[in-house]
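Every number for a ligand or one of its atoms is a count from 1 in the order of the listing. Hydrogens, waters and symmetry mates are skipped; everything else that's a heavy atom, side chains included, is used.
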Amino acid sequence: MGRAFRIKVRMRRFRRRHPRISFAIRSFMIFSATFGAAYGFIAGSRAERSGYDPNAFAIGASFLFALACLGLATLSMRLRFVNKRLRTLAQHNEALVDRNWELKEAEERARSLFESQGDLIVLRDHQGRITFANDAYCALAGQPRSALVGTPFNFDLVEQGDSVLEGSGTRIHDQKIATSFGTRWIAWREGLVRLDAGHPAELQSVGRDVTDRTETERALSEARDQADAANRAKSRFLAMASHEIRTPLNGIMGMSGLLLDTALTPEQATYARAVKTSGEALMALIEELLDYSKIEAGKLDLEQRSFALSTLIEEITELLAPRAQAKNLEIASYVDERLPLEVVGDAARLRQVLLNLAGNAIKFTAQGGVALIVEPGMRPNEISFLVRDTGIGIAPEAQSRIFREFEQADERVARTYGGTGLGLAISERIVKRMGGRIALESEPGRGSTFEVSIPLQPSNAAAGQTAFPGTDLTGKSILLIAPQGIEPSLLARRLERWGGQACLVSDPDVALALLPERSWHAVLIDRALGRDVVERLGEAARTHAAQRLVLLTPVTRHEQQLSPAFTGYLVKPLRAASLAARLSLTPDIGSPDLAPEPPSESPKTKPAPANPTKGLSVLVAEDNEINALLMRSLLTRLGHRAVIATNGEAALESWLAAKSAGTPYELVLMDIQMPQLDGIEAAKRIRAREAGEPGRHTPILALTANTLVEDRYACFEAGMDGFLIKPLDREKLEEALATLTASRQLAV
Ligand code: ADP
């Protein structure tokens, strides 16, 4: 079947391709058939040859007639079949005409859409000649389409922006071009399109006029740059202003400090102290404002260093203890022992937050005390710092407001306690920057608890260690006799964590009755119960407890002569390490062990530092007369010899003169901002002179009121060895000089 069809198709194809040959073949076949039939008929009708038989003739004739009829019938059927096909073809033809018309219409629509597009559309052949450009393109070019098509027209380029090639091969780029409407920014998308098979692809470019957007973006970016510059200028200004304020403050605070060291009448001493306190308050205010502006300007950079939690908390407690004890308040801390020994974070900023919260707690508490408790937080690796007080409390409606800048709980608070209302705003921002949060729970009249929760990763260096130095008190009983309060309860909690049995008693008579009840490992008696009571309890405990410790404050420590009834003392606020060390001792009953507890008292009660060697010869470069005088007095008091130079130039000369005379200075204290030659430049020149010479270089410490990190870097870059922040802290100066003296002794 297939084969027959193939033959038929081939024959048809042959007929179509060679119509003449097929006509000749057809004519020849018709002629042969006609001739054959006629010849046969005539030959057959010859009587002499055929033996004519009329019957046979009739049969033959009718057969031929039938054959002719069959042929005619076949032809008629074929004709009908052909007619039918013709009708179908006519219908197809009509549909095709319709389709063609629709296509033309669609093309027309697409073309008009293309042409009337707001975006620029242009097609170019492989030689860059335009084959199509829409109305928008023509309008921007200022020429009719007919003038553009076939030409390599392009706009004049004013500026070329960045170009990006997409994965699909489309190139995206911005251009600033010169047009008949002035310069415009166009965002182009360009790609190759193949319009007709067999022809090279064309480059289709679609451009959108983004002039307005680009200009807005540029204006925005310029505005941002200006704002940044203004911000920098503001920070700089603040730093400058704070420097300018600190310099005279330095004089006020330092001089009043010196004045207080001289013989004064009580009235004069009160005035001098008031001057000093006011100076300190002003200083704290400047620090806060500077800090706030830094945070506002987004300049709060956090450090990531490992630090010991317990040390931080104990230092904060000890720092605030004098303030609390001066108000007869208790202050105590407790760090949960499940916490890691060291964590990674910004200890200085955390200290700032906790100092502020605990400082507020002391400020707003008249009775009772303040506790700093550190516990594991709700989330993994989160640590909760609780600052709890028994103070005035905060009304519910003020609780969220006080975290806003310059907000205080109420007018009365502001009048009674002073303050700026910035502390909590700063603290909250710092905590948020650390990824944590501050929560507050408070009831007016009953106290407040601020909870700071921050994620702090345990430090790898201390991984696996337990949190704190402790001691094993398993099976040991400790009697704690103290007035009810924060510290004794935290102390009892700690002793129990160490395995001991803590018995907390606040009534001395009950304690006396309890003492003979069992053998105590230690009895801890708070001096706050009163001197006589403490003595009596100590005596009574002699035979019942191996360790008899008295809990003192730095003030009572100086008042109290330790009686032999006691084996030692501990200074409040207690350090976990000291407590552990004391409780693990096996004391020699009867002889008091006065091994000193690390001091936590105020500087006033500190003994004056011994000055074992001859003082240093110090060059002080300082242009401010009062500050120079202050430095000289401080240095002289500390047993050193000071020479003053009032500018960088003079300092350099003095340094050179001393060096060539063979008595070089052992230290240069260099103010940074000085006329003629500033401190940085003077230090650089000193270092340049030293560079070629053998021997030790002169230590240079910068004296600066600028706390900006950049300024500190500048000091180090200039070759200085460190810096002292103004207003000069007498202890810091002492410390710096002591370090230097020690290193000098080592070097000798
Ligand atoms: P400042 O203490 O300088 O006024 P803060 O921002 O530190 O500023 O505190 C804002 C206000 O919140 C305080 O003025 C006080 O009214 C209230 N406040 C803060 N801490 C306490 C607290 N522990 N007890 C009672 N009130 C507090």
Side-chain angles (χ1 to χ4, degrees), residues 242 277-296 300 313 316-317 319-321 323-334 348-374 384-434 436-453 485-487 573:
S242 98
T277 324
S278 310
E280 281 164 3
L282 197 54
M283 197 63 219
L285 179 65
I286 292 167
E287 296 287 353
E288 274 194 343
L289 282 173
L290 200 66
D291 234 12
Y292 183 72
S293 74
K294 254 193 222 163
I295 295 174
E296 272 293 271
L300 183 72
I313 300 302
I316 293 174
T317 323
L319 195 70
L320 292 173
R323 227 193 281 174
Q325 283 154 359
K327 285 181 82 179
N328 255 333
L329 295 175
E330 273 189 288
I331 181 162
S333 64
Y334 182 82
R349 288 292 175 185
L350 184 57
R351 174 200 302 260
Q352 183 183 355
V353 170
L354 296 177
L355 270 176
N356 180 43
L357 296 180
N360 274 349
I362 296 173
K363 183 161 130 186
F364 296 108
T365 303
Q367 263 183 354
V370 174
L372 251 108
I373 300 169
V374 190
S384 266
F385 299 84
L386 296 157
V387 181
R388 187 167 289 160
D389 67 58
T390 52
I392 58 170
I394 303 162
E397 64 277 8
Q399 288 186 8
S400 58
R401 188 158 46 81
I402 53 168
F403 287 98
R404 294 203 289 265
E405 50 271 20
F406 307 110
E407 287 282 357
Q408 298 184 316
D410 60 43
E411 284 282 300
R412 190 180 46 84
V413 168
R415 268 199 311 277
T416 321
Y417 298 95
T420 54
L422 267 179
L424 285 180
I426 294 174
S427 300
E428 197 188 32
R429 278 163 207 234
I430 294 176
V431 170
K432 276 203 177 142
R433 182 80 173 66
M434 289 176 166
R437 57 193 186 279
I438 300 191
L440 163 64
E441 232 177 74
S442 181
E443 211 182 307
R446 307 201 68 177
S448 317
T449 302
F450 284 85
E451 180 178 2
V452 174
S453 309
I486 290 175
E487 177 132 45

Please check if the number of heavy atoms outside Arg446 that lie under 6.0 Å from its CZ is greater than 12. no
Indicate yes or no: does an N/O atom of Gly423 lie under 3.5 Å from an N/O atom of ligand 1? yes
Which of the listed options, Val387, Asn360, Ile392, Asp389, holds the heavy atom that is closest to atom 7 (O) of ligand 1? Asn360
Where ligand 1 meets Leu422 - atom numbers and elements under 4.0 angstrom, heavy-atom basis: 6 (O), 8 (O)
Non-hydrogen atoms of Met434 and Arg349 that approach each other most closely: CE-CB, 3.6 Å
Is Ser448 near ligand 1, meaning one of its heavy atoms is under 4.0 Å from it? yes
Minimum heavy-atom distance Gly359-Arg323, with the two atoms named: CA-NH1, 3.8 Å
Say whether Phe450 and ligand 1 are in contact under the criterion: heavy-atom distance to a ligand atom below 4.0 Å. yes
Any donor-acceptor pair under 3.5 Å linking the side chain of Ser448 with the backbone of Ala361? no
Below 4.0 Å from ligand 1: does a non-hydrogen atom of Gly393 turn up there or not? yes
Judging by distance only, is a nitrogen or oxygen of Leu424 under 3.5 angstrom from one on ligand 1? yes
Could you pull out the closest heavy-atom pair between Glu330 and Ile486, with the gap in Å? OE1-N, 3.0 Å
Which pair of heavy atoms, one from Ser442 and one from Ile394, lies closest together, and at what distance? OG-N, 2.7 Å
Can you list the ligand 1 atoms lying under 4.0 Å from a non-hydrogen atom of Ile394? 18 (N), 21 (C), 25 (C), 26 (N), 27 (C)
Looking only at non-hydrogen atoms, find the nearest pair between Leu320 and Ala358 and report the distance. CD1-CB, 3.3 Å
Relative to the heavy atoms of Ala361, which atoms of ligand 1 are at a distance of less than 4.0 Å? 23 (N)
